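The structure under discussion appears below in the form of structure tokens.
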Protein chains: 2
Amino acid sequence: MGKRGKSNRFNVLLNYKLWLSSMSGEGIISGEVYTLLLEIKDKGSLKAATETTGLSYRKAWGDLKNAESLLGYELTHKTRGGKDGGRSVLTSQAHKLLEAYAALEEKLDDAVEEAYRELKKKMES
Amino acid sequence: MGKRGKSNRFNVLLNYKLWLSSMSGEGIISGEVYTLLLEIKDKGSLKAATETTGLSYRKAWGDLKNAESLLGYELTHKTRGGKDGGRSVLTSQAHKLLEAYAALEEKLDDAVEEAYRELKKKMES
DNA sequence: ATCCGTTATGTATATCTTTGCATAACGAAA
DNA sequence: TTTCGTTATGCAAAGATATACATAACGGAT
């Protein structure tokens, strides 16, 4: 280690959280809903999706409903009944949203990482 | 208005929130603490700062203490007593942090705005 | 016609966060 | 040495969020 040791190491992490909101400010889509949609896409049902994401069915269902109501369109085609009980399938708009959101997150991850490096440099100087 | 009207306008806003945390994840500095520090710098006391920022003294004090404990150094020189009761003045490290944070926020504001434009374009296509 | 497991939703419970007192400690200035 | 307004901190109360539980509705497959 260098002359001054690690005395002024800036040992903190930079975190961020994204969400989409309506003009009036209510929350719509956060990372949580994003991963929920990914899981629904994979598993084919909301219930199954909640089991892997860890949130309660009640909340996941509410979040999804909220998101759809504020976006103004459905994110999943929902069917009830049948031997399997029913299923949830992403709409084409949901697919589009997932794609767009993934690109956005990647872009911002990069920006945050770079900003963090600069922050750190400043704080350690 | 154009041929298809505004039917697929993506009428949502992109929001984000930044915070610094310790390695183990506890929150340290959020925008709230940042504006609190700005206000302290301006007003010279924590109490006065809470009056303009709107948070309760109890919480502001706790947040500040938490931030200092996790950073490992003081963000304010605190004095009690005197006709004026006491005061809080930013440390040099706090000044440095404010500067760095402001730069960081500006950078990310730009990145988010750009990312939002792309998101919007994708969602409206 | 019956069954099954999922969607759908209300309500009560618990958990987490913030606020609101209350009250002590402090110490420079008058 | 008394005074004043701030820092400092515990604890109860209030608010906000999330979870848990209960229960209905549904309808394709058997």
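What you see below is based on every heavy atom in this structure, not just the backbone, and it leaves out hydrogens, waters and symmetry mates. Residue numbers begin at 1 in each chain, while the letters A, B, ... track the order of the sequences. Every value quoted in this text rests on a predicted model; they were computed, and no experiment measured them.
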Which atom pairs link the protein and nucleotides 10-13 of chain D when you take only N or O atoms and keep those under 3.5 Å?
unit_1, atom_1, unit_2, atom_2, d
D:dG10, N7, B:Arg58, NE, 3.3
D:dG10, N7, B:Arg58, NH2, 3.0
D:dG10, O6, B:Arg58, NE, 3.0

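Side chains of B:Glu39 and B:Thr53: a donor-acceptor N/O pair is absent below 3.5 angstrom, by distance only. Under 3.5 Å, the side chains of A:Thr76 and A:Lys78 contain a donor-acceptor pair of N or O atoms.
If you measure from atom CD1 of A:Ile40 to atom P of C:dT6, you get 13 Å, rounded to the nearest angstrom. One atom, CZ of B:Arg87, and another, P of D:dA8, lie 14 Å apart when rounded to the nearest Å. Rounding to whole angstrom units, CD of residue A:Glu74 and P of C:dT7 are separated by 14 Å. Spacing between atom NZ of B:Lys59 and atom C1' of D:dT9 amounts to 16 Å, rounded to whole angstrom units. Atom CG of B:Leu46 is separated from atom C1' of D:dG5 by 13 Å (rounded to the nearest Å). Taking atom CG of residue B:Leu55 and atom P of nucleotide C:dG20, one finds them 11 Å apart after rounding to whole Å. What separates NE2 of B:His77 from P of D:dT7 is a distance of 15 Å, to the nearest Å. Taking atom CD of B:Glu39 as the reference point, atom C1' of D:dT6 lies 17 Å away to the nearest angstrom.
Here A:Lys43 does not pair with A:Glu51 in a salt bridge; the nearest charged N to carboxylate O distance is not below 4.0 Å.
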Margin query: Return a single string for nucleotides 23-30 of chain D, one symbol per nucleotide in 5' to 3' order, where B is base contact, S is sugar-phosphate-only contact and - is none, cutoff 4.0 angstrom on heavy atoms.
Written below: --BBBBSS
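OP1 and OP2 of C:dC26 both lie 4.0 Å or more from every side-chain N or O belonging to B:Lys78. An OP1 or OP2 oxygen of C:dT7 is reached within less than 4.0 angstrom by no side-chain nitrogen or oxygen of A:Lys65.
Of all heavy-atom pairs spanning B:Leu71 and A:Phe10, the tightest one is CD2-CE1, 4.0 Å.
Here the CG atom belonging to A:Leu90 is positioned 8.5 Å from the CG atom belonging to A:Leu38, to the nearest 0.5 angstrom. Annotation: the span from B:Lys121 atom NZ to B:Arg117 atom CZ amounts to 9.0 Å, rounded to 0.5 Å. The CG atom of B:Leu37 sits 9.5 Å away from atom OH of B:Tyr34, with the distance rounded to the nearest 0.5 Å. Remark: B:Trp19 CH2 to B:Glu32 CD distance equals 13.0 Å, nearest 0.5 Å.
The residue from B:Glu114, B:Lys120, B:Glu113 that alone fulfils the side chain to side chain contact (heavy atoms under 4.5 Å, CB included) condition with B:Tyr116 is B:Lys120.
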